[in-house]
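By convention in this document, chain letters (A, B, ...) are assigned in the order of the sequence lines, proteins followed by strands, and residues within each chain are numbered from 1. Since this is a predicted model, take the numbers as computed values, not measurements.
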There are 2 protein chains.
Amino acid sequence: MVEFDPITEAHRQWSARWPEHADHMTAITSVMRVQQLLLARVEDVLKPHSLTFAAFEALRLLAFTRHGSLPMGKMGERLMVHPASVTNAIRKLESRGLVERRLSPDDRRVVLATITEGGRAVAAEATDALNQADFGLAGLTREQAAEVTVTLRLLRTTAGDV
Amino acid sequence: MVEFDPITEAHRQWSARWPEHADHMTAITSVMRVQQLLLARVEDVLKPHSLTFAAFEALRLLAFTRHGSLPMGKMGERLMVHPASVTNAIRKLESRGLVERRLSPDDRRVVLATITEGGRAVAAEATDALNQADFGLAGLTREQAAEVTVTLRLLRTTAGDV
DNA sequence: ATCTATAATTTTAATGTCCAAATATTGAGT
DNA sequence: ACTCAATATTTGGACATTAAAATTATAGAT
């Protein structure tokens, strides 16, 4: 709890000078702040499993696939992150033996990341922990959580996503 | 535009296994994605002014104050970032002559960051650029932008913010 | 006066993200 | 076959963020 809300204060400052832009400024600031808060919460939950959120998402994605493997590039698309970030995340998982990398037999430019048995176990435990913690959103009902998604999808749409 | 939406797909996968947690998972993922998109847009607008969003916010905050200066610690509170991040941002601004640092006469533990005339000029230009670009949210009406803020405030409240 | 706990800031080290450039491989056209 | 543009991934560089330790200064208690 903060004595006063910095975001409300920023909106006040902006309204006094550029009233027609204050709402957009505040929306951005809210997104940045919420992301920061939620990421911290989620990573707290994942810490005992030695996973970052990015690593968790990569592992979870592989566990979902039919054969437990996916080309690096496809992972970047699905996770919506830069290819270099995938390289980074997979390297770390590989060093822990949770994932293996091999060249695709079909196209040797392609690197297939494959989840190991150990990786599946860690993914299952971490998933359970996050679900129990409701991803740091225990304070929201399912309806409220869905509302957040809907509102942000509107924003993603105008941003060229979706 | 993506052929299919990775977030919708993730929701489908989650629903098939842990239906009671799918909405919370998707809300988190949406927040992360939107933050990434908006930060990229905002930083594109700021690039010609050689400012990152973090640096812009620090400069803007100083320009708002009565005397154009604030203790480092207070800046961290207002910007809701780690003290080390403030140190980092101010160091960079100082090296460009946009901000000066001096010890507080009242308490010599305190460092006062003070915006210079040059800093005010850059802040004004960058602010104008962001306002013109509606902070990357040109696709949203003021009402829609306000709705984003309201929805996320609900989330911030349950997360102990506000 | 002196000691000690508290406070403000910086430094250091570990991570994570992105971009741009480099490397390797494929595939299409001639 | 041969050339060349396109594709997949990694590497190196620039930043940002955080936690934890170190530094310096203040203020309250004895």
Side-chain angles (χ1 to χ4, degrees), chain A residues 32-44 46-47 49-59 69-96 99-114, chain B residues 32-44 46-47 49-59 69-96 99-114:
Chain A
M32 299 293 165
R33 175 58 174 167
V34 165
Q35 188 267 350
Q36 181 187 29
L37 285 170
L38 292 185
L39 185 59
R41 290 198 153 197
V42 164
E43 302 225 303
D44 269 355
L46 290 174
K47 189 169 249 175
H49 306 275
S50 302
L51 290 175
T52 60
F53 190 44
F56 168 77
E57 287 194 295
L59 210 51
S69 81
L70 225 45
M72 300 291 277
K74 275 272 177 268
M75 295 191 69
E77 284 176 29
R78 289 292 297 276
L79 300 174
M80 299 188 278
V81 298
H82 196 279
S85 298
V86 178
T87 297
N88 217 323
I90 293 295
R91 179 192 310 143
K92 193 99 162 286
L93 291 171
E94 187 184 27
S95 75
R96 289 178 58 195
V99 161
E100 290 173 352
R101 296 152 41 103
R102 57 186 71 138
L103 291 179
S104 163
D106 303 329
D107 181 340
R108 288 186 327 201
R109 289 171 301 183
V110 171
V111 174
L112 290 173
T114 306
Chain B
M32 299 294 163
R33 175 57 174 166
V34 164
Q35 187 268 350
Q36 180 187 30
L37 285 170
L38 292 184
L39 184 59
R41 291 197 153 198
V42 163
E43 301 225 304
D44 269 354
L46 290 174
K47 187 169 247 176
H49 304 276
S50 302
L51 290 175
T52 61
F53 191 42
F56 167 76
E57 286 193 297
L59 209 51
S69 81
L70 225 44
M72 300 291 277
K74 275 271 176 269
M75 295 190 69
E77 284 176 28
R78 289 293 297 275
L79 300 174
M80 299 187 277
V81 299
H82 196 281
S85 298
V86 178
T87 298
N88 219 325
I90 293 294
R91 179 193 311 143
K92 194 99 162 287
L93 291 171
E94 187 184 27
S95 75
R96 289 178 57 194
V99 161
E100 291 173 350
R101 295 152 42 104
R102 58 186 71 137
L103 291 179
S104 163
D106 303 330
D107 181 340
R108 287 186 327 200
R109 290 172 300 184
V110 171
V111 174
L112 290 172
T114 306

I need the [atom1]-[atom2] distance between [X] and [N], as an integer number of Å.
X: A:D106; N: C:dT25; atom1: CG; atom2: P; result: 15 Å
X: B:R102; N: C:dA8; atom1: CZ; atom2: C1'; result: 18 Å
X: A:K47; N: C:dA14; atom1: NZ; atom2: C1'; result: 12 Å
X: A:L39; N: C:dT15; atom1: CG; atom2: C1'; result: 12 Å
X: A:Q36; N: C:dT17; atom1: CD; atom2: P; result: 16 Å
X: A:H82; N: C:dG16; atom1: NE2; atom2: C1'; result: 13 Å

- Query: When rounded to the nearest 0.5 angstrom, what distance separates NE2 in A:H49 from CZ in A:F56?
  - Reply: 9.5 Å
Please tabulate, for side-chain N and O atoms in residues 79-91 of chain B, each donor-acceptor pair with protein atoms closer than 3.5 Å (sequence neighbours left out).
unit_1 : atom_1 : unit_2 : atom_2 : d
B:H82  : ND1    : B:A84  : N      : 3.0
B:T87  : OG1    : B:P83  : O      : 3.4

- Item | Residue pair B:V111 / B:L103, side-chain heavy-atom distance below 4.5 Å | yes
- Does A:L51 reach the side chain of A:R96, with side-chain heavy atoms less than 4.5 Å apart? yes
- Message: I'd like to know whether B:M72 forms a side-chain contact (heavy atoms from CB on, under 4.5 Å) with B:R101, so could you lay out the CA-CA distance, the side-chain angles of the two residues, the decisive distance to 0.1 Å, and finally the verdict.
- Response: CA-CA 9 Å; B:M72 300 291 277; B:R101 295 152 42 104; 4.1 Å; yes
- Taking the nucleotide of DNA chain D with the closest heavy atom to each, which residue, B:R108 or A:V111, is nearer the 5' end? A:V111
Short side-chain N/O contact from [X] to OP1 or OP2 of [N], under 4.0 Å:
X: B:T87; N: C:dT9; result: no
X: B:R109; N: C:dT10; result: no
X: B:R101; N: C:dT9; result: no
X: B:K74; N: C:dA8; result: no

- Want to settle it: does B:P83 or A:A89 sit nearer the 5' end of DNA chain C, counting the closest nucleotide to each? B:P83
- A:D107 or A:V86: which one's nearest nucleotide on DNA chain C is closer to the 5' end? A:V86
- Note on the structure: In the 5' to 3' direction, the nucleotides of DNA chain D bounding the stretch that comes under 4.0 Å of a heavy atom in chain B are D:dC15 to D:dT26
- When the C1' atoms of the five terminal pairs at each end define the local axes, what inter-axis angle does the helix from C:dA1-D:dT30 to C:dT30-D:dA1 show, to 10 degrees? 0°
